[in-house]
Amino acid sequence: MMRAARALPTLIRVGMVEAIAYRAEMVVWLLTTTMPLVMLGLWTSVADEAPFRAWATRDFVAYYLVALVVRNLTSNWVAWQISEEIRTGAVSGRLLRPIHPFLGYLGTHLGAVPLRAIAVAPVIVIMMWTSARGVLVTDAAHLALVAAAIVGAWLLTFGVFLCLGALGFFLDKAMGIIEVYFGVFAIMSGYLIPLALLPGWVRAIARVLPFRSMLGDPVAIAIGRVPDAGDAARLVALQWAWAIGLLALATWLWRTGVRRYEAFGG
Amino acid sequence: MRLGYYARLFAVQARASLTTAMQYRADFLVQGLTSLYWLGWNLVPLLVLYDDRATVAGWSFGAALVVMAHFVIVRGILEGAINPSLGAVVEQIRSGAFDYTLLRPADAQFLVSTARFAPWRALDVLGGVGLLIYAFVRLGHAPSPAQLGAGLVLLGAGLAVMYGLWIMIVATAFWVVRMDNLIYLLSSVFDAARWPASVFRGVWKVVFTFVIPLALMTTFPARALLGTVTWQAGIGCLVGALLVSIVARLVWRLALRSYTSASS
């Protein structure tokens, strides 16, 4: 435990340097998250004609820009990384290290966060210029909850992707699962369309799944759709519970998977 | 005679891909299910939107569905016939295996463009055609033979534009090796083609018209089928497609000249 705590700052530093070394690639990857912008273009055209079920243009602008920020801050590629390392056998090297492999991944992806923050800063600046500014929450309680929700969303996303990556021990086509996962995520998290606008039965399913905590709920808190701070706090608590649960699930999947694992080509 | 040679070569390359695909027959089922899933997925925003509105920017639900069907078809072709080959060539350039392609006695652009197909993606195209038929059933009228012909011609032009853009991206891989994520970027922008182009305004309109002419790929073929495209616009599409193809060919040849093998 102590050894892990001592190693983590170094691992994060290594992750940061890696992120900077591959910055051009990272920027292109961030740019591929164009879906919120496309949906923003669509919905603002619609809402300019007439507000869509109590959602005016500025609500859509705020929703999709905050979604873009949250998504880019909290996303990572650990599932692809693990899946690739299992396929090539590179994961054996990680298993030999004296700390849990998850800490290595944690370092890499936490290290990328500052660069991601710099990349999304222009979006925030643009948002402050637009009509969306009037929608964002400004009181201290909500701002604190937004911060907690973004940290929680990061941990939850990391946990989910660790699970998906660890599935690579059991399936030889884990990448297909990730594609399907993204389809479910995009609808059930509110990434494609705000959850509040989805049909009732879809919302009922989304309510019991973790995806809403990854994106939709933090965004809803930030744009003032959860006016009561107590309600918002409950959403954040639920989110952190999901995060802990999924990280635990990932640990268990990994342990079970490693037992089945026989290094390829080794 | 050269044409016959290339036709035979195409058949051989396609057969090789098909043989490979037949080894993974379970993929057929998986691909079929995922195609259906994404087909339904694509419809969700459309259903939410038209649940509240009769028309959006002048497009009725049925007409928007025709554009969506074109999007599904074009993306099926993109992921079945264009992306696999061009992804492979980026890999070849990096590993140096591209040298062997250049040594072969046929046009290198032709060889890399037909190197690999994903035949199961034909299911996506079928799904798109099904959606198209459903859209016209909803609209309550069928396109006339002339409209059908115009639609097919413009669809061909749209595919040519897409192929040209993708070839240009691949050509940049000769200068900057890691360009496969640029293909992802283009694919993700292409996602916007599921919507009628006139829905977008402002910055989006500029990007989708001049930077990446999405309207040419799905909206114009759809409008030709719906019979709302003028002769002038149709000819404009064809000229645009021709221009993009010529520029793509020139960029490819220019890039080829600056190719230095990775192995030496």
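In this text the structure is predicted, and so the values were computed from the model without any measurement. So you know, we letter chains A, B, ... as the sequences are listed, proteins then strands, and number each from 1. Side chains included, hydrogens not; waters and symmetry mates left out as well; all remaining heavy atoms used.
- B:Thr218 and B:Ala193 get closest at one heavy-atom pair: OG1-O, 2.8 Å.
- With a 4.5 Å cut-off on non-hydrogen atoms, A:Leu42 touches chain B through its backbone and its side chain both.
- Aromatic ring pairs are classed by plane angle as parallel below 30°, tilted from 30° to 60° and perpendicular above 60°; the pair A:Phe211 and A:Tyr181 is tilted.
- Surrounding CZ of B:Arg116 are at most 12 heavy atoms belonging to other residues, nucleotides or ligands under 6.0 Å away.
- The aromatic rings of A:Phe158 and A:Trp154 lie parallel to each other, their planes meeting at an angle below 30°, with 60° marking the opposite boundary.
- Between B:Ala115 and B:Ser17, the shortest heavy-atom distance links the atoms O-OG, 4.1 Å.
- The aromatic rings of A:Tyr191 and A:Phe185 are tilted relative to each other, their planes meeting at an angle between 30° and 60°.
- Using a 4.5 Å cut-off between heavy atoms, B:Thr55 touches chain A through its backbone atoms (N, CA, C, O) alone.
- In this structure, B:Gly62 and B:Ala135 approach most closely via the heavy-atom pair O-CB, 3.9 Å.
- Identified by a heavy-atom distance below 4.5 Å to chain B, contributing residues of residues 60-81 of chain A are lacking entirely.
- Annotation: maximal heavy-atom pairing with chain B below 4.5 Å, among A:Leu192, A:Thr33, A:Leu198, occurs at A:Leu192.
- Looking at B:Phe208 and A:Val38, their side chains come closer than 4.5 Å, going by heavy atoms from C-beta outward.
- Only the side chain of B:Tyr37 comes within contact range of chain A, judged by heavy atoms closer than 4.5 Å.
- For the pair B:Trp166 and B:Asn83, the minimum side-chain heavy-atom distance is below 4.5 Å.
- For the pair A:Arg225/A:Trp55, a side-chain contact is recorded, criterion being any heavy-atom separation below 4.5 Å from C-beta on.
- Of the listed residues (A:Leu197, A:Val202, A:Ile187), the greatest number of heavy-atom pairs within a distance under 4.5 Å of chain B belongs to A:Ile187.
- With a 4.5 Å cut-off on non-hydrogen atoms, A:Val184 touches chain B through its backbone and its side chain both.
- Residues B:Leu225 and B:Leu155 form no side-chain contact, since every pair of their non-hydrogen atoms from C-beta on lies 4.5 Å or further apart.
- With a 4.5 Å cut-off on non-hydrogen atoms, B:Leu186 does not touch chain A at all.
- Heavy-atom neighbours of chain B within the stretch residues 104-136 of chain A, taken at a separation under 4.5 angstrom, are nonexistent.
- A salt bridge links A:Arg53 with B:Asp51: at least one charged nitrogen is closer than 4.0 Å to a carboxylate oxygen.
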Using the rule given for side-chain contact (heavy atoms from CB on, under 4.5 Å), can you reason through A:Ile177 versus A:Leu171, listing the C-alpha separation, both sets of side-chain angles and the distance that settles it, and then say yes or no? CA-CA 9 Å; A:Ile177 302 262; A:Leu171 310 161; 3.8 Å; yes

